[in-house]
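Below: one structure, written as structure tokens.
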Amino acid sequence: MWWKSAVVYQIYPRSFADSDGDGIGDLRGIAGRLDYLKRLGVDVLWLSPIYPSPQDDNGYDISEYQDIDPVFGSLADFDALLAGVHERGMKLVMDLVVNHTSDEHPWFLESRSSRDNPKRDWYWWRAEPNDWRSYFSGSAWEADQATHEFYLHLFSRKQPDLNWENPEVREAIYAMMRWWLDRGVDGFRMDVINLISKPPGLPDGSSEELNNCGPRIHEFLQEMHREVFAGRDAQMLTVGEMPGVTIEQARLFTDPARAEVDMVFQFEHVRLDQRDSKWDRKPLDVRELKATLNRWQTGLADLGWNSLYWNNHDQPRAVSRFGDDRPEFRVRAAKALATVLHLQRGTPYVYQGEELGMTNAPWGSIEDFRDIESLNHYAEAVAAGQDPGEVLDVLRGRSRDNARTPMQWDASANAGFTDGTPWLPVNPNHANINAAAQVDDPDSVFNHYRRLIELRHTLPVVAEGDFTPLAEDHPQIYAYVRRLGNDELRVVANLSSEPAEWEGETLAPWEARVQLPSPA
Ligand code: TEU
């Protein structure tokens, strides 16, 4: 299980590096930055979707699975990128989006063409909708004028859900996955994979709860493993994105003996600063944060495996949300967050720009936003009578667009991201926060990440050691011990902007201390 000592770097291709000046990142842009990633020390690159797509949800709405969207390049560009990744001893993982397709995918075009089309049952059609709500606001059902039925879409109406009950659907997906693995891909990040098994009869109720880990989910994932990964899984990495998954369920999904997935993305720690919905904010309590992360550490200590992440393309920037992005604290906060996460038991995921301490962006008006989830929420909330200014203020802190501003490579006009006009404005703080200013600075956030990744590669206690929480009730201090044989690693960090007292010591705001095992 090579991935126990690996670190994954997530690339959001739209915003990473643009090679042709159209203001949208692309594969040749990524290829041009592989030495930067090699220098950081990461082992695996996860690419968010690059397949042909109407881009209604920035590529998570796929209209063709076995090709590359021209905005990102071609299959030849992909093969050249993959070769460059492998030449540098890294691996590449694709994003597998098979809970739904685009409504422009030929499968759905056939399915909606008539009620007796052979692919009608590849999707979910009903004469009457149930009360399920979409993740992107509004009903989860869309009326089809031509055939006078409704189709299910848990996300946007341009993302109809596939019917995994139909074995033809599953076989078509497995064939597509084998096609990519035969092309040299090293695994998959599986989008909302815990939603693919729908509850029989599609009863009314909470669509997230009812669709979370449905009755056949383990059967489907075990079948997928047999049909796609059997015989080659030792080299692969598979991670299932599973909103709402519990520790008990994660133990089943990641138990190697059950041959389902290597790890899951759970959401508990990224939902602590909200009430009923992500738009209903509440202050983050460090004790709650520690308790949640510690529960997952101990919950998968003897079985299964954790993924470790603070942010991704769906979450606000880590240092702005969990840290303090004011200039006097940003660097220390970014380093402290990285320290307490990367030295835990599990596989860390670094989201592009996190290694530079990139922050949320200074959004002006609603016109600045591009994310369908944010725009749909704004429209629905304002239509329901909420004050537009208040809704906008929530978006400023919570919108997924915070993660999607262009990568900050240098201090030039568009941060070295593009020679054209970026699809989303570059954060003006790129003048100070950028890769060029950090790669040669030993005190930079970049080199702090590089050292943490090196520790995971060189110290077995980091990858294999057990986990013992300390200071669980302390309102500011996050501390724990990792042990493996005689090796002991201690981590103590002040996750607040105020000095903190612990065991007769005063830690400065965002100060983190790591005591490494004494050399043998
Ligand atoms: O995200 C699923 C998911 O849980 C998110 O919708 C999340 O709850 C929300 O965005 C938090 O604000 C996956 C992809 O990561 C996301 O980008 C896609 O939009 C979504 O699935 C549909 O494919």
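Atoms within each ligand, like the ligands themselves, are counted from 1 in listed order.
- If you check which protein heavy atom lies closest to atom 20 (C) of ligand 1, you get Phe155 CE2, 3.8 Å.
- With hydrogens left out, the protein atom closest to atom 7 (C) of ligand 1 is Phe267 CE2, 4.2 Å, a heavy atom.
- Within ligand 1, the atoms closer than 4.0 Å to a non-hydrogen atom of Val192 are 2 (C), 21 (O), numbered from 1 in the order shown.
- Heavy-atom distances between Arg189 and ligand 1 reach below 4.0 Å in at least one pair.
- Here the closest heavy-atom approach between residue Trp310 and residue Phe322 is recorded as O-CE1, 3.4 Å.
- The side chain of Phe136, and not its backbone, has at least one atom closer than 4.0 Å to an atom of ligand 1 (non-hydrogen atoms only; side chain from C-beta on).
- For atom 12 (O) of ligand 1, the candidate residues are Lys278, His377, Glu208; the nearest heavy-atom contact is made by Lys278.
- Residues Val239 and Trp46 fail the side-chain proximity criterion, which asks for heavy atoms closer than 4.5 Å.
- Of all atoms in ligand 1, numbered sequentially from 1 with element shown, those under 4.0 Å from a heavy atom of Pro243 are 4 (O).
- Residue Tyr135 places no N or O, backbone or side chain, under 3.5 Å from any N or O of ligand 1.
- Those atoms of ligand 1 that come under 4.0 Å of a heavy atom in Asp314, given as number and element, are 1 (O), 5 (C), 10 (O), 11 (C), 12 (O), 13 (C), 14 (C), 15 (O), 16 (C), 17 (O).
- A side chain to side chain contact (heavy atoms under 4.5 Å, CB included) with Trp363 is found for exactly one of Asp393, Thr405, Leu392, namely Thr405.
- Protein heavy atom closest to atom 3 (C) of ligand 1, with residue, atom name and distance, is Glu241 OE2, 3.7 Å.
- Residue His100 places a heavy atom under 4.0 Å from ligand 1.
- Every atom of ligand 1 with a heavy atom of His313 under 4.0 Å away is listed here by number and element: 14 (C), 15 (O), 16 (C), 17 (O).
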